[in-house]
Amino acid sequence: MPYSVAVIRIGHNLFDGFEKMTRFGYACINLSLAAIHGKSAPTTNRSMIKKTFEQKGISYASKLSLENSKDLFTILKWNVENEIFFFRLTSNLFPWASEYQISSMPDYEEIRSVLSECGNYARENGIRITSHPGPFNKLCSPNESVVLNTIKDLEMHGEIFDMIGLPQNHWSKINIHVGAAYDSKVDAAATFRRNFARLSPSVSGRLTLENDDKGSLFSTKDLYEMIYSEVGIPIVHDQHHHGFCDGGLTQYEAMKLAFSTWPKGITPVMHYSESKSDEAKDNKIKPQAHSDYVVNKIETHEFDVDVMIEAKAKDLALLNYLSIYKLPSTNL
DNA sequence: ATAGGTCAAGCGAGG
DNA sequence: CCTCGCTTGACCTAT
């Protein structure tokens with residue numbers, strides 16, 4: 001096995017025994033480093049608009065990709081220094097990657113080498129790296145061109161994870177939503193399952209599904225009954241979304257169901273966020289919108305689960321949360 | 001140098 | 001019909 005999750009966990013367990021474990025994580029952007037470095041802060045999100053891509057093409061995309069990759073290493077180091085072992089990788093590491101072969105970038109070899117170092121570092125330090133491709137990924141679409149674009153985007157994520165050297169399993173999950181119903185959840189789920197079979201092992205082995213945040217779409221219960229039970233895709237339970245689409249289950253029931261879908265030896269993931277409208281005391285803001293910070297105690301019950309905090313203030317929100325409750329970022 | 005407008009992709013909800 | 005919200009603000013141009 002090129003990347004042994006078991007070894008990492010046993011290693012950390014030497015310190016703490018075999019108590020319940022939780023890693024807290026943040027998504028994509030590091031605002032602590034931004035606060036220190038200002039405009040020149042490390043970022044994995046350099047991008048460009050379409051017009052610029054048309055003018056400058058793959059060579060400029062390659063340049064940005066290399067810089068993004070180098071800064072990924074800096075951010076991973078920051079994570080270790082701050083004892084954060086769960087991190088969502090940006091989907092924008094390689095700008096416009098759907099428009100070219102990654103391997104034909106001029107800086108491909110150097111990028112591969114930098115990403116491979118990132119992977120080694122993450123493995124040595126037990127950082128869990130995951131991703132969350134955008135909402136335009138619709139594997140359930142009746143429109144073939146939408147499906148083809150989705151497959152392309154997902155395969156791009158898989159290829160990048162392979163370059164980093166992440167295992168082709170749900171430890172390094174690529175997480176999406178079903179995200180649409182087209183007036184028939186039954187049909188949408190069938191289309192999803194059919195198109196799931198078209199993915200390479202690099203993607204299908206890592207893919208997870210998250211419950212939607214609209215009543216008409218897929219609750220955790222729906223995902224279990226209509227997708228997991230047929231094709232075995234593990235479920236990421238988002239507590240905030242559950243408030244808008246609960247399928248008749250309590251948080252606890254939905255968590256129990258979702259976590260039961262994960263393979264043995266791989267810690268399930270839960271998403272946590274709070275409403276911006278509550279935080280700002282402004283009911284004109286949609287309740288689905290994420291707050292800057294999270295302040296309520298996160299309930300994990302008896303479950304062994306990693307918690308991704310989705311808050312606009314990113315790592316600042318995570319560090320703030322941990323300080324409120326005097327928690328370690330992990331008790332691994 | 002900074003502010004403000006703009007920007008690939010798909011959906012559904014709400015005004 | 002338009003805007004927002006979601007993965008994740010960042011880029012570009014005019015001042």
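The structure presented is a predicted model; accordingly, all values stated were derived computationally and were not measured. Below, chain A is the first sequence line, B the second, and so on; all start at residue 1.
- A:Q288 and A:D213 share no donor-acceptor pair across their side chains, judged by distance under 3.5 Å alone.
- Side-chain nitrogen and oxygen atoms of A:H132 include none within less than 4.0 Å of the OP1 or OP2 phosphate oxygen of C:dT8.
- A search for ring pair (Phe, Tyr, Trp, His ring centres under 6.0 Å) contacts involving A:F192 returns nothing, not counting sequence neighbours.
- An OP1 or OP2 oxygen of C:dA10 is reached within less than 4.0 angstrom by no side-chain nitrogen or oxygen of A:K50.
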N/O contacts under 3.5 Å, protein versus nucleotides 13-15 of chain C?
residue : atom : partner : partner atom : Å
C:dT13  : OP1  : A:K51   : NZ           : 3.3

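- Classification of C:dT7 as syn follows from a glycosidic angle within 90° of 0.
- Pairs of residues two or more places apart, or lying in two chains, that qualify as side chain to side chain donor-acceptor pair (under 3.5 Å) and include a residue from residues 141-150 of chain A are A:N143-A:S145, A:E144-A:R198.
- A:H241 has a side-chain polar atom (N or O) that falls below the 4.0 Å cut-off from OP1 or OP2 of C:dT7.
- The side chain of A:R88 places an N or O atom within less than 4.0 Å of a non-bridging phosphate oxygen (OP1 or OP2) of C:dT8.
- Applying the ring pair (Phe, Tyr, Trp, His ring centres under 6.0 Å) definition to pairs two or more places apart or across chains, those involving residues 53-74 of chain A are A:F53-A:W96, A:F73-A:Y121.
- With salt bridges taken as basic N to acidic carboxylate O contacts below 4.0 Å, one links A:D306 and A:R128.
- If you take OH of A:Y60 and C1' of C:dA10, they are 11 Å apart, rounded to a whole angstrom.
- Contact check of residues 26-43 of chain A against DNA chain C (heavy atom, cut-off under 4.0 Å) returns A:A27, A:C28, A:I29.
- Residues satisfying the ring pair (Phe, Tyr, Trp, His ring centres under 6.0 Å) test with A:H157, not counting sequence neighbours, are none.
- Stems are defined here as 3 or more consecutive Watson-Crick or G-U wobble pairs with pairing distances under 3.5 Å; those involving DNA chain C are B:1-7 with C:9-15, B:10-15 with C:1-6.
- The side chain to side chain donor-acceptor pair (under 3.5 Å) test applied to A:N92 returns A:S47, not counting sequence neighbours.
- No hydrogens or angles were tested; on distance alone, nothing pairs the side chain of A:S91 with the base of C:dT7 as donor and acceptor under 3.5 Å.
- With a heavy-atom cut-off of 4.0 Å to chain A, the contacted part of DNA chain B has its first and last nucleotide at B:dA8 to B:dA13.
- Of the residues in residues 140-147 of chain A, those placing a heavy atom less than 4.0 Å from an atom of DNA chain B are A:S141, A:V146, in numerical order.
- Applying the ring pair (Phe, Tyr, Trp, His ring centres under 6.0 Å) test to A:Y228 and every residue at least two apart in sequence or in another chain returns A:Y224.
- Between A:F24 and A:F86 there is no side-chain heavy-atom pair separated by less than 4.5 Å.
- Near DNA chain C, defined here as any heavy-atom distance below 4.0 Å, the residues from residues 203-219 of chain A are A:E210, A:K214, listed numerically.
- When the P atom of C:dC12 is taken as reference, atom CZ of A:F53 falls 13 Å away, rounded to whole Å.
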